[in-house]
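The structure appears right after this line, and notes come after that.
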Number of protein chains: 6
Amino acid sequence: MPVVHVYVWSGFSNEAKKRTIAGITKVFTDMGIPREAVEVIIQEVPKDSWGVAGEQASERLKETLPP
Amino acid sequence: MPVVHVYVWSGFSNEAKKRTIAGITKVFTDMGIPREAVEVIIQEVPKDSWGVAGEQASERLKETLPP
Amino acid sequence: MPVVHVYVWSGFSNEAKKRTIAGITKVFTDMGIPREAVEVIIQEVPKDSWGVAGEQASERLKETLPP
Amino acid sequence: MPVVHVYVWSGFSNEAKKRTIAGITKVFTDMGIPREAVEVIIQEVPKDSWGVAGEQASERLKETLPP
Amino acid sequence: MPVVHVYVWSGFSNEAKKRTIAGITKVFTDMGIPREAVEVIIQEVPKDSWGVAGEQASERLKETLPP
Amino acid sequence: MPVVHVYVWSGFSNEAKKRTIAGITKVFTDMGIPREAVEVIIQEVPKDSWGVAGEQASERLKETLPP
């Protein structure tokens, strides 16, 4: 423990994945939890499968790209 | 809030995604929740990765297709 | 299929649960999916366990209550 | 009920999916739960999206493959 | 890996939890995955928060109890 | 986006929740994502509902406490 599930838009870069995994793990090791106990699972979801305010993110947030 | 995760079989059409996002969001705005607060995340899962009654949906529900 | 997970703040009323379950199910039956195939799982999360913009919802959205 | 979500690395074989679905379902039917009530959803996650001990599994567990 | 999330109705007994954890873990160790790599997270959900066929399980499945 | 689900053992302190929410949010704002777009949902799971290596964490990791 902990287990962390991260949902982001498809297109999340390898660099962003590395930083997400390292950064979230550090949040918990800073609290004294052993590094080996932290599991982070990133799932990429296409923008047309992600709804915000009743619309697809692919429509509503056309210009916004994942890091 | 709320955050809604929807799991469906792969092949869910763009029209079905739109209706899912709009329809679920309306359920909550009808209760007075602001539209911007509703997030809907649809994940498509291949039928051979989906088990029903101990069998893959790709075997057990061969003829059934997602909308 | 589908399986739907709904995350809301603790204090969601029984009436709100009923409407959530009936409303989300209807979204899918309107697409031709049989009613029996829809499963909706609501999980209530205390506002101090829910973070928005880096803060606990119990701090940031003190006045807002779930329906 | 129950609904079971299984997260594994991408590359999980069809044979492994079958065994996962059949095996997990049996755990519950052995407790008296009807077979039809058990739903198992397997999601494959690329090893570079899976973090263990602060690193991508694609780096840390380079040699390990899913069954 | 794997990480397994199990959703059941509230009232799942300690014996049922033990069997769920041991049984699901065995499904994966039988495939050659090391025991230490399997994480099983059981979440109990009240029957009035669980919808089946558009109704609360507390209404529709009044007589059914978890093991 | 992103939406982050964090699963920890029951007993996670208010201070730990605050740090989890602030720390994870910062991981994403450091990548240029607006603070308001980050949602973090922490769920506490009793140790007897959490399985590691086939056993309940309440048995296997009796002495370990959440931060």
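Chain letters run A, B, ... following the sequence lines, proteins first and then strands; every chain starts at 1.
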- Item | Region of Ile24(E) in contact with chain D, defined by heavy-atom distances below 4.5 Å |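 Ile24(E) touches chain D through backbone and side-chain heavy atoms alike.
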- Task: Side chain from CB out, backbone as N, CA, C, O: work out which of these in Val27(E) comes under 4.5 Å of a heavy atom of chain D, or both, or neither.
- Result: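 Side chain of Val27(E) only, per the 4.5 Å heavy-atom cut-off to chain D.
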Please tabulate, one pair per line, the donor and acceptor atoms of chain D and chain E that lie under 3.5 Å from each other, or say none if there are none.
{"residue": "Val3(E)", "atom": "N", "partner": "Tyr7(D)", "partner atom": "O", "Å": "3.1"}
{"residue": "Val3(E)", "atom": "O", "partner": "Tyr7(D)", "partner atom": "N", "Å": "2.8"}
{"residue": "His5(E)", "atom": "N", "partner": "His5(D)", "partner atom": "O", "Å": "2.8"}
{"residue": "His5(E)", "atom": "O", "partner": "His5(D)", "partner atom": "N", "Å": "2.8"}
{"residue": "Tyr7(E)", "atom": "N", "partner": "Val3(D)", "partner atom": "O", "Å": "2.8"}
{"residue": "Tyr7(E)", "atom": "O", "partner": "Val3(D)", "partner atom": "N", "Å": "3.1"}
{"residue": "Arg19(E)", "atom": "NH2", "partner": "Asp30(D)", "partner atom": "O", "Å": "3.2"}
{"residue": "Asp30(E)", "atom": "O", "partner": "Arg19(D)", "partner atom": "NH2", "Å": "3.2"}

- Query: Do you know which two heavy atoms are closest between Ala16(E) and Met31(D), and how far apart they sit?
  - Reply: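 Heavy atoms of Ala16(E) and Met31(D) come nearest at O-CE, 3.5 Å.
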- Item | Greatest number of heavy atom pairs closer than 4.5 Å to chain D - which of Val3(E), Val6(E), Val8(E) |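 Most heavy-atom pairs within the cutoff with chain D belong to Val3(E).
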